[in-house]
Amino acid sequence: MILDKIIELALEEDLSLGDITSDTIFTPADKARAVITAKEDLVLCGLPTAKEVFNAVDPQVIFTPLKQEGDQVKKGEKVLELSGPVLSILKAERTALNFMQRLSGIATASREYAAIGNKYGVMIADTRKTQPGMRRLDKYAVRIGGARNHRISLADSVMIKDNHIAAAGSITKAVAKIKAVIGHTPKVEVETTNLDEVKEALSAGADIIMLDNMTPQEIMRCKEEIAGRALIEVSGGVNKTNLEMYCKTGVDVISMGALTHSVPAKDLSLKIVEYIK
């Protein structure tokens, strides 16, 4: 299972040589109770992953969520309680928090961006610009936040991008080669950078046309040309400050690398609140 591999690697970074501090101070018999608290407003994400981290370290740790996955959490609210061997809680602490903080950051941004898209009937989607090895978790957090997933992997859909076009010789040639092999069922998406490429993609039979790194004014001209003959996706250069401006163009989908590649992690902390020796 992919999640098991991710957790195994993450724990190996911290624990492959043991925990010299905790192992020196405490014994396996020492017990504690701890809480994880939100240090800022956030959309909570990563509870199932954190649970698997603590379980991987020690199944004796009792994991009690105080909030649900996807909840809007206010600064200072407790989201999770833990009890069990203090050694195990401390050894799993940083790895569990790292997952929760990153995933909550992505979910929080996704919730905010999806809300803007919803105002204009525009789907907000992610891209493959994810943390290496973390794609399924990153995209899971996008869904928890309320945005949508684009391709999980290269096998998920046909997307003819600039380098495919350059190597094939033209949009027309690339689309023809694809359609000669895959048949009529899968949709074909073509990336375009100007109006002439949009016209060529339409003539070649593209089902979805991506308008890459275009201004809103350029998008509106392309939209008039497409005139409902293909779905329109916008990507490239879209961020928090200009998202609403792009949504106002009325395209079908806006895909944003900013959902995953540069979202700040949200601040959560774990504190021991009771020690039982």
Side-chain angles (χ1 to χ4, degrees), residues 109-110 113-114 116-118 120-130 135 138-139 142-143 147-263:
S110 297
Y113 297 168
I116 295 172
N118 289 340
Y120 299 94
V122 177
M123 182 191 301
I124 305 300
D126 56 25
T127 69
R128 290 187 298 115
K129 295 177 182 176
T130 53
R135 180 169 297 163
D138 283 1
K139 285 180 173 281
V142 167
R143 296 195 303 274
R148 302 287 286 276
N149 292 153
H150 210 298
R151 297 185 293 175
I152 300 291
S153 74
L154 292 171
D156 286 336
S157 62
V158 175
M159 182 182 289
I160 301 173
K161 295 175 68 66
D162 55 350
N163 286 325
H164 298 111
I165 295 163
S170 70
I171 290 173
T172 303
K173 289 179 180 178
V175 173
K177 287 184 176 181
I178 283 286
K179 292 203 169 191
V181 175
I182 65 168
H184 68 285
T185 305
K187 291 183 178 180
V188 174
E189 180 167 2
V190 177
E191 179 183 278
T192 62
T193 59
N194 56 55
L195 184 57
D196 287 340
E197 291 180 355
V198 167
K199 292 177 180 178
E200 185 180 358
L202 285 169
S203 297
D207 302 293
I208 306 167
I209 295 180
M210 176 189 285
L211 308 179
D212 186 47
N213 280 295
M214 293 192 191
T215 66
Q217 293 75 24
E218 291 171 327
I219 289 168
M220 292 305 296
R221 287 197 292 272
C222 292
K223 185 181 175 186
E224 289 177 9
E225 180 67 32
I226 294 168
R229 291 179 286 170
L231 288 174
I232 302 173
E233 177 181 341
V234 165
S235 193
V238 184
N239 54 49
K240 181 178 180 180
T241 59
N242 63 21
L243 174 59
E244 188 155 11
M245 179 175 64
Y246 278 95
C247 285
K248 288 178 179 178
T249 63
V251 297
D252 299 295
V253 182
I254 295 177
S255 55
M256 302 176 61
L259 284 178
T260 53
H261 68 50
S262 55
V263 170

Which residues pass the side-chain contact (heavy atoms from CB on, under 4.5 Å) test with [X], not counting sequence neighbours?
{"X": "Thr215", "value": "Gln217, Glu218"}
{"X": "Ala114", "value": "Ala147"}
{"X": "Ser153", "value": "Ala155, Asp156"}

Distance (rounded to the nearest 0.5 Å) between [X] [atom1] and [Y] [atom2]:
{"X": "Met256", "Y": "His261", "atom1": "CE", "atom2": "NE2", "answer": "8.5 Å"}
{"X": "Asp126", "Y": "Ile152", "atom1": "CG", "atom2": "CD1", "answer": "7.0 Å"}
{"X": "Ile171", "Y": "Ile165", "atom1": "CD1", "atom2": "CD1", "answer": "4.0 Å"}
{"X": "Tyr113", "Y": "Ile254", "atom1": "OH", "atom2": "CD1", "answer": "12.0 Å"}

Test salt bridge (charged side-chain N to carboxylate O under 4.0 Å, His left out) applied to Lys240 - qualifying residues, sequence neighbours left out: Glu112
Contact list for residues 242-261, test salt bridge (charged side-chain N to carboxylate O under 4.0 Å, His left out), sequence neighbours left out: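 As it turns out, the salt bridge (charged side-chain N to carboxylate O under 4.0 Å, His left out) pairs with a partner in residues 242-261, which skip direct neighbours, are Lys119-Glu244.
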Lys179 (side chain) donor-acceptor with Gly205 (main chain) under 3.5 angstrom: yes
Expected output: side-chain Lys129 to main-chain Ser262 donor-acceptor under 3.5 Å: no
Derivation of the side-chain contact (heavy atoms from CB on, under 4.5 Å) call for Val253 and Ile232: CA-CA 6 Å; Val253 182; Ile232 302 173; over 6 Å; no
Full working for side-chain contact (heavy atoms from CB on, under 4.5 Å) between Val238 and Val234: CA-CA 8 Å; Val238 184; Val234 165; 4.2 Å; yes
With sequence neighbours excluded, tell me which residues meet side-chain hydrogen bond (donor to acceptor under 3.5 Å, both in side chains) with [X].
{"X": "Asp212", "result": "none"}
{"X": "Thr241", "result": "Asn239"}
{"X": "Thr130", "result": "Arg135"}
{"X": "Arg128", "result": "none"}

Nearest atoms (heavy-atom pairs only) where [X] meets [Y]:
{"X": "Val122", "Y": "Val251", "result": "CG2-O, 3.4 Å"}
{"X": "Ile124", "Y": "Cys247", "result": "CD1-SG, 4.3 Å"}
{"X": "Asn242", "Y": "Gly237", "result": "ND2-O, 2.9 Å"}
{"X": "Val198", "Y": "Cys222", "result": "CG2-SG, 3.8 Å"}
{"X": "Ala174", "Y": "Ile160", "result": "CB-CG2, 3.8 Å"}
{"X": "Ala168", "Y": "Lys173", "result": "O-CD, 3.5 Å"}

More than 12 heavy atoms of other groups within 6.0 Å of Arg143 CZ: yes
Working for side-chain contact (heavy atoms from CB on, under 4.5 Å), residues Asn149 and Val142: CA-CA 7 Å; Asn149 292 153; Val142 167; 3.9 Å; yes
Which atom pairs, donor and acceptor, lie under 3.5 Å between side-chain atoms of residues 188-195 and protein residues at least two apart or in another chain?
from	atom 1	to	atom 2	distance (Å)
Glu191	OE1	Lys161	NZ	2.8
Glu191	OE2	Asp162	N	3.3
Thr192	OG1	Met210	O	2.8
Thr193	OG1	Glu197	OE1	2.9
Thr193	OG1	Glu197	OE2	3.3
Asn194	OD1	Asp196	N	3.1
Asn194	OD1	Glu197	N	2.8

Pairs touching residues 219-238 that satisfy side chain to side chain donor-acceptor pair (under 3.5 Å), sequence neighbours left out: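 Applying side chain to side chain donor-acceptor pair (under 3.5 Å) to every pair that reaches into residues 219-238, excluding sequence neighbours, yields His150-Glu233, Glu233-Ser255, Ser235-Ser255.
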Any pair counted as side chain to side chain donor-acceptor pair (under 3.5 Å), so long as it reaches residues 198-211, sequence neighbours left out: Thr172-Glu200
Leu202 vs Ile209, side-chain contact (heavy atoms from CB on, under 4.5 Å): CA-CA, chis, key distance, verdict: CA-CA 8 Å; Leu202 285 169; Ile209 295 180; 3.6 Å; yes
